[in-house]
Trainee: 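Structure provided below as structure tokens; questions to follow.
Quick note: residue numbers are just sequence positions, from 1. Scope of the values below: all heavy atoms of this structure, side chains included, with no hydrogens, waters or symmetry mates.
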Amino acid sequence: MPTYTWTYEDADGGSLTPADAPTQGFPTQADAESWVGEAWQDLLAGGVEAVRLHEDGAELYGPMSLRPAE
């Protein structure tokens with residue numbers, strides 16, 4: 001069964017590890033996307049500007065900005 005994980009980037013594209021980020025992956029892409037949909041404001045407040053979604057280490061998409069569209 002695949003595992004879905006997020007990676008987190010600061011404004012310069014550098015890697016971050018937020019304190020409140022899940023330590024284990026998600027069982028489905030929908031679960032992972034649902035979590036980031038609920039947590040994006042806290043992530044943004046903690047310095048995360050963008051996220052990337054991975055399935056078993058392979059990038060599915062990203063970077064996806066956490067900033068609201070203007």
Trainee: Any donor and acceptor pair, going by atom type alone, linking the side chain of Asp10 with main-chain N or O of Asp12 inside 3.5 Å?
Mentor: yes
Trainee: Could you list the donor-acceptor pairs under 3.5 angstrom formed by side chains in residues 45-52, with sequence neighbours left out?
Mentor:
residue	atom	partner	partner atom	Å
Glu49	OE1	Arg67	NE	3.0
Glu49	OE2	Arg67	NH2	2.8
Arg52	NE	Glu9	OE2	2.4
Arg52	NH1	Glu59	OE1	3.2
Arg52	NH1	Glu59	OE2	3.1
Arg52	NH2	Glu9	OE2	3.2

Trainee: Can you pull out every salt bridge (Lys or Arg N to Asp or Glu O under 4.0 Å) where at least one residue sits in residues 25-47? Sequence neighbours excluded, please.
Mentor: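 Not a single pair qualifies under salt bridge (Lys or Arg N to Asp or Glu O under 4.0 Å).
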Trainee: Rounded to the nearest 0.5 Å, what's the gap from CE on Met64 to CG on Leu66? Could you check?
Mentor: 6.0 Å
Trainee: Measure across Ala32 and Tyr4 and return the closest heavy-atom pair with its distance rounded to 0.1 Å.
Mentor: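 For Ala32 and Tyr4, the tightest heavy-atom pair comes out as CB-CB, 4.0 Å.
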Trainee: Distance from Leu43 atom CG to Asp20 atom CG, nearest 0.5 Å?
Mentor: 5.5 Å
Trainee: Roughly how far, to the nearest 0.5 Å, is CD of Glu55 from OG1 of Thr28?
Mentor: 10.5 Å
Trainee: State, yes or no, whether a side-chain contact exists between Trp35 and Pro22 at a heavy-atom distance under 4.5 Å.
Mentor: yes
Trainee: Output the distance between atom CZ (Phe26) and atom CG (Leu53), rounded to the nearest 0.5 Å.
Mentor: 9.5 Å
Trainee: Can you label the angle between the Trp6 ring and the Tyr61 ring as parallel, tilted or perpendicular, going by 30° and 60°?
Mentor: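 The arrangement is perpendicular - the two ring planes meet at more than 60°.
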Trainee: Who are the side-chain hydrogen bond (donor to acceptor under 3.5 Å, both in side chains) partners of Thr5, not counting sequence neighbours?
Mentor: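 With sequence neighbours excluded, Thr5 shows a side-chain hydrogen bond (donor to acceptor under 3.5 Å, both in side chains) to no residue whatsoever.
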